[in-house]
Structures are given as C-alpha cells and as structure tokens.
J.: 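Just passing along the structure, written as structure tokens.
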Amino acid sequence: MSTSVAASVLGDGTGESSVLARKPRRLLLAFFGEYVCDRYFEPLRASVLIGVLEGAGVAASAVRTNLDRMVHSGVLERRRLGREIGFELTEHGSEVLREASGRVNGPAPFEPQGDGWTLVTFSVPEHLRDLRHRLRAALTWAGFAVLRDGLWIAPGAVDLAAALGAIIPDLPPAAVNAFAASELDGFPMADAVRVAWDVERIRGAHHEFIEHWEREDAASELPPLTARTLLVADWLALLRADPRLPRQYMGDDWPADRSFELFTRRHREFAFPAVRDFAALVG
C-alpha cells in the first residue's frame with residue numbers, strides 16, 4: 001500500500017476517536033472506489049457528488065472544499081460540463097483506489113501477511129516535516145506502530161517496497177532501515193504487542209462498527225447509494241484501526257470475523273439498488 005493511499009484514505013495519519021467519524025474525503029474516496037474506478041469513465045457533476053454526501057449529513061461546502069483538495073493532491077481533475085464542473089479520477093487517483101480495494105475487498109483483511117514481524121527505523125530531517133508526516137501515515141496504514149524509541153513494528157512480512165513505493169524517491173539516502181524478525185524463546189511477543197498497540201481500542205473499533213451496521217435501521221432512511229458509500233467509508237476506517245495482529249495475542253472472543261461477515265453481508269445487500277441509483281443519477 002503506497003503512501004499516496006495513506007495520505008488520501010487515512011487523512012492526517014493520526015488516531016481517530018471513532019470509526020464512524022465520517023470525514024468527507026474518506027466518503028468521496030469510498031464513492032469513487034465503489035462506483036467510478038474502472039467502472040465509469042465520464043466526469044461526474046459536482047451536484048451528483050454533493051447530493052450523495054448530503055444524504056450522509058455532509059454540507060455542500062465541505063464537499064466542494066474536499067473536492068478541491070483532492071484535485072490539488074492529484075487524485076481528481078476538473079472538467080467543464082456546460083455550466084457545471086465535473087470531476088474525474090486521474091491515473092494516480094485510480095492507482096490509489098485500486099491499491100486500497102485490494103484490502104477493502106480482500107478475503108482476509110485482518111490476517112497478517114506472512115509470519116514473523118517487520119521492523120522499521122527512519123530518520124527524516126526536521127525541515128522535511130511534511131515528508132516525515134507522509135512516511136508515518138504510510139507506515140500506519142501498512143499496520144506499523146511505534147514499539148519504542150523510533151522503532152516501528154508490524155505483524156507479518158510487510159511488502160515495504162510497495163508500502164513506501166510513492167515516497168521512497170523523495171527520501172534522503174538511507175533514511176529508512178528495515179528488518180525481518182521472529183520471536184525468540186524466552187522473549188514472548190505478547191507484552192510487546194500490548195506496548196505497541198492499544199488492543200482494547202482496536203476491539204472497541206470493531207464493536208462500534210458491528211453495533212452500528214447490525215442495526216436493521218442503520219441505513220433504512222438513506223438512499224442505497226449513500227448507505228453503501230457510508231458502509232465502505234466506515235470499513236476503510238476500521239481497516240486503518242486494525243493492523244492485522246496475530247490472533248494468538250487477541251483472545252478467543254476477538255470480533256474481527258464478525259466485522260468481516262457483517263461488512264460482506266451488508267455490502268452485498270446494498271449492491272444492486274446502489275448501482276441502480278448510480279445509473280439513474282449519471283443517466
């Protein structure tokens with residue numbers, strides 16, 4: 001997962017108090033990822049995007065502001081459509097969403113990729129603060145957390161070249177060092193896991209997602225197009241919150257499987273009516 005994905009999908013890369021903190025940019029990315037990327041190849045009128053997100057409680061001004069930011073970041077580009085402005089994905093934006101969809105629609109989104117652990121240290125000068133911010137955001141999306149004193153750790157064999165692919169060319173030489181690691185006898189990882197990650201906060205994020213989307217009325221008053229966009233945006237937030245820690249450290253009642261089953265069921269439930277609504281809007 002490239003740093004462009006982290007910057008676009010995860011926003012500021014800092015912790016959020018709720019997976020249901022529905023940021024307009026994440027909603028827009030969820031919408032473009034579900035209905036536009038590799039599916040619809042014409043510019044979308046701004047009024048269509050505003051209408052979909054207003055159904056989710058986002059003001060038109062916030063939609064316009066975030067569309068402008070996504071243009072500035074190279075994810076979208078503007079097109080004049082008569083008296084209206086349209087927006088379409090750039091090639092960079094399409095790449096961002098294709099990469100993100102790999103985990104959004106993956107069969108095991110909460111399982112580590114491979115065995116062992118991946119360790120990273122980095123040194124980025126103070127005058128490159130924005131670059132350091134992008135690097136931290138990319139590491140966070142890839143499942144890393146700070147263990148201690150600038151040492152970042154992630155479960156599994158992380159493909160770091162892919163995770164940092166977009167940022168590596170901008171980094172000073174030898175700015176990042178990475179290592180594969182495994183647990184040693186007599187030095188159990190359970191305590192290290194609890195130091196690096198707030199496991200109860202991750203558990204809480206799953207429960208929040210489950211409690212909301214298990215309710216039959218969770219989307220009963222929303223158009224299916226808006227409901228599915230909200231569902232995917234909430235799923236993106238949950239994927240960010242859960243770094244795919246090995247189950248042996250999480251307890252028998254770990255709720256990740258329930259979250260996955262629920263997302264899959266709801267995603268399928270909204271599919272046909274949402275696509276029908278989208279076709280009506282763009283038609």
Side-chain angles (χ1 to χ4, degrees), residues 1-16 73 92 95-104 106-199 201-202 236-250 256:
M1 187 63 61
S2 75
T3 190
S4 58
V5 173
S8 297
V9 174
L10 306 181
D12 60 10
T14 60
E16 293 173 358
S73 67
H92 164 68
E95 290 175 2
V96 165
L97 294 175
R98 289 186 196 113
E99 290 178 26
S101 70
R103 191 173 177 201
V104 169
F110 301 115
E111 298 297 326
Q113 297 178 303
D115 299 324
W117 303 86
T118 304
L119 304 178
V120 167
T121 65
F122 64 86
S123 177
V124 178
E126 178 64 24
H127 70 277
L128 298 176
R129 186 178 304 174
D130 181 65
L131 190 61
R132 187 167 55 199
H133 173 82
R134 290 168 54 204
L135 178 57
R136 287 172 173 164
L139 290 172
T140 299
W141 174 255
F144 284 87
V146 178
L147 180 59
R148 60 171 56 87
D149 299 333
L151 179 64
W152 292 63
I153 184 171
V158 177
D159 184 349
L160 205 61
L164 305 182
I167 196 174
I168 286 174
D170 299 330
L171 291 169
V176 176
N177 299 107
F179 313 88
S182 58
E183 183 174 343
L184 295 176
D185 291 341
F187 298 89
M189 283 295 299
D191 290 341
V193 166
R194 298 281 170 168
V195 168
W197 289 278
D198 186 343
V199 173
R201 185 185 66 81
I202 301 169
L236 280 168
L238 183 58
L239 293 176
R240 179 195 180 277
D242 189 316
R244 307 183 181 199
L245 291 166
R247 293 296 177 91
Q248 65 261 38
Y249 304 113
M250 314 311 288

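The chain is numbered in sequence order, starting from 1.
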J.: Do you know the tightest heavy-atom contact between V158 and A142?
T.: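 Closest heavy-atom pair between V158 and A142: CG2-O, 4.2 Å.
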
J.: Taking the side chain as C-beta and beyond, is there a heavy-atom pair between W197 and I153 under 4.5 Å?
T.: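 Side chain of W197 against side chain of I153, heavy atoms only: contact under 4.5 Å found.
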
J.: CG of L119 to CG of L151: how many Å apart, nearest 0.5 Å?
T.: 5.5 Å

J.: More than 12 heavy atoms of other residues, nucleotides or ligands under 6.0 Å from CG of D198: is that the case?
T.: yes

J.: Taking all heavy atoms of F122 and all of L139, pick out the closest pair and write down the distance.
T.: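 Of all heavy-atom pairs spanning F122 and L139, the closest is CE2-CD1, 3.8 Å.
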
J.: Hey, mind stepping through W141 and L236 against side chain to side chain contact (heavy atoms under 4.5 Å, CB included) and telling me if it holds?
T.: CA-CA 10 Å; W141 174 255; L236 280 168; 4.2 Å; yes

J.: Do W152 and V176 have side chains that approach each other closer than 4.5 Å (heavy atoms only, starting at C-beta)?
T.: no

J.: Any side chain to side chain donor-acceptor pair (under 3.5 Å) involving residues 176-194? Give me the pairs, sequence neighbours left out, ordered by first then second residue.
T.: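 Found E183-Y249.
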
J.: What's the separation between atom CD1 in I202 and atom CZ in R240, rounded to the nearest 0.5 Å?
T.: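 If I round to the nearest 0.5 Å, the distance is 11.0 Å.
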
J.: Test of understanding: with side-chain contact (heavy atoms from CB on, under 4.5 Å), list the residues that count as partners of A192, not counting sequence neighbours.
T.: L147, M189

J.: Taking all heavy atoms of P155 and all of G143, pick out the closest pair and write down the distance.
T.: CD-O, 3.7 Å

J.: Between P112 and R244, what is the shortest heavy-atom contact and its length?
T.: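 For P112 and R244, the tightest heavy-atom pair comes out as CG-O, 3.1 Å.
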
J.: Quick one: closest heavy-atom pair of G106 and P109, and the distance?
T.: O-CD, 3.6 Å

J.: Tell me which pairs pass side chain to side chain donor-acceptor pair (under 3.5 Å) where either residue lies in residues 116-128, with sequence neighbours left out.
T.: E126-R129, E126-R132

J.: In the structure I gave you, are the side-chain heavy atoms of L245 and M250 within less than 4.5 Å of one another anywhere?
T.: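 Heavy-atom side-chain distance check passes, below 4.5 Å.
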
J.: Can you measure from CG (L164) to CG (L135) and round to the nearest 0.5 angstrom?
T.: 6.0 Å

J.: Locate the shortest heavy-atom distance separating R103 from F110; write the atom from each residue and the value.
T.: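 Where R103 meets F110 most closely, the heavy atoms are NH2-CD2, 4.1 Å.
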
